[in-house]
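Worksheet: one structure, shown below.
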Amino acid sequence: MLFQSDKEKEPLTIEIHTEVDIVEARQKGRMFSNCLGFSTLDQARIITTISELSRNIYKYATTGKIIMEIIENQIEIGLKIIAVDKGPGIKNIRKAMESGYTTSGGLGVGLSGVKKIMDEFTISSQEDHGVNIQVIKWKKRNK
């Protein structure tokens with residue numbers, strides 16, 4: 001048994017207001033992914049995702065939160081990461097998901113890159129009401 005109680009499986013929320021919060025979110029993601037037994041490569045993918053999503057909150061919305069939750073089914077155990085903000089939202093999600101698209105002069109690999117390295121990806125946004133992104137990384141259960 002990986003966790004002793006349901007209390008240990010409760011979602012963890014990190015408020016994102018400063019760059020220090022981004023570092024904390026990354027550290028917690030590393031801890032979660034390591035405890036769940038993800039490979040080193042998948043741990044890097046998870047940490048990269050958390051970094052990208054929390055940096056987007058900090059850069060575009062100034063405040064929001066990252067929520068990490070352990071989820072399970074019969075075959076797999078996963079880490080669900082939710083990024084929520086109340087910022088200006090994304091005007092054109094389809095365009096924002098194109099590889100190379102950027103509004104800040106960056107490399108433009110952010111959201112499209114996150115979608116590629118995670119197993120599941122959903123995004124919703126309403127202009128002037130923020131963004132909600134949910135991603136999941138799965139791994140087979142140890143027998």
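Given the structure is predicted, the values throughout are model-derived calculations rather than measurements. Throughout, residue positions are numbered sequentially from 1 according to the sequence presented.
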Subject >> Reported CD1-to-NE2 distance for the pair Ile57 and His17, which is rounded to 0.5 angstrom >> reply: 10.0 Å
**OP:** With side chain to side chain contact (heavy atoms under 4.5 Å, CB included) as the test, would you mind laying out the steps for Trp138 and Asn73 before giving the verdict?
**Re:** CA-CA 10 Å; Trp138 291 104; Asn73 61 34; 3.8 Å; yes
Original post:
Linking I/L/V/M/F/W/Y whenever their side-chain heavy atoms sit closer than 4.5 Å, directly or via other members, would Leu36 and Met31 fall into one cluster?
Top reply: yes
Original post:
Should Val135 and Val84 be counted in the same cluster of Ile, Leu, Val, Met, Phe, Trp and Tyr side chains packed under 4.5 Å apart?
Top reply: no
**OP:** Group every Ile, Leu, Val, Met, Phe, Trp and Tyr by side-chain heavy-atom contacts under 4.5 Å, then state whether Ile47 and Ile50 land in the same group.
**Re:** no
**OP:** Could you pull out the closest heavy-atom pair between Tyr60 and Pro88, with the gap in Å?
**Re:** O-CD, 3.3 Å
**OP:** Of all the heavy-atom pairs spanning Ala96 and Leu111, show the shortest one and how long it is.
**Re:** O-CB, 4.3 Å
Original post:
Closest heavy-atom contact between Ser125 and Gly130?
Top reply: OG-O, 3.1 Å
**OP:** Could you check if a side-chain atom of Gln43 sits within less than 4.5 angstrom of a side-chain atom of Asn34, using non-hydrogen atoms only?
**Re:** yes
Subject >> Test side-chain contact (heavy atoms from CB on, under 4.5 Å) applied to Asp85 and Val131, Asn132, Ile133, the passing residue >> reply: Val131
Original post:
Can you tell me how far NZ of Lys80 sits from CE of Met68, rounded to the nearest 0.5 angstrom?
Top reply: 14.0 Å
Original post:
When rounded to the nearest 0.5 angstrom, what distance separates CZ in Arg26 from OG1 in Thr48?
Top reply: 6.5 Å
**OP:** Using the side-chain contact (heavy atoms from CB on, under 4.5 Å) rule, pick out the option among Asp21, Ile22, Leu53 that qualifies with Tyr58.
**Re:** Ile22
Original post:
Quick one: do Ile67 and Ile46 end up in the same hydrophobic cluster if we chain Ile, Leu, Val, Met, Phe, Trp and Tyr together by side-chain heavy atoms under 4.5 Å apart?
Top reply: no
Original post:
Just how far is it from atom CD1 of Ile81 to atom CD of Glu52, taken to the nearest 0.5 Å?
Top reply: 12.5 Å
Subject >> Glu72 vs Arg141, salt bridge (Lys or Arg N to Asp or Glu O under 4.0 Å): CA-CA, chis, key distance, verdict >> reply: CA-CA 9 Å; Glu72 330 181 47; Arg141 289 179 172 277; 2.4 Å; yes
Subject >> Taking every non-hydrogen atom, the tightest pair across Ser33 and Leu79 >> reply: N-CD2, 4.5 Å
**OP:** Determine whether Leu12 and Ile16 fall in the same hydrophobic cluster, where Ile, Leu, Val, Met, Phe, Trp and Tyr are linked whenever their side-chain heavy atoms lie under 4.5 Å apart.
**Re:** yes
Original post:
Would you say the side chain of Ile14 lies within less than 4.5 Å of the side chain of Lys28, judging by non-hydrogen atoms?
Top reply: yes
**OP:** Please name all residues satisfying side-chain hydrogen bond (donor to acceptor under 3.5 Å, both in side chains) with Lys65, sequence neighbours left out, ordered by chain then number.
**Re:** none
Original post:
Quick one: CD on Glu127 to CG on Asn92, what's the gap to the nearest 0.5 Å?
Top reply: 10.5 Å
Original post:
Roughly how far, to the nearest 0.5 Å, is CD1 of Ile136 from CD of Glu69?
Top reply: 8.5 Å
**OP:** Please name the pair of heavy atoms, one in Gly87 and one in Ala61, separated by the smallest distance, quoted to 0.1 Å.
**Re:** CA-CB, 3.6 Å
Original post:
Does NZ belonging to Lys115 count more than 12 external heavy atoms closer than 6.0 Å?
Top reply: no
Original post:
With no hydrogens and no angle check, is any side-chain donor or acceptor of Lys137 less than 3.5 Å from a backbone partner on Ile117?
Top reply: yes
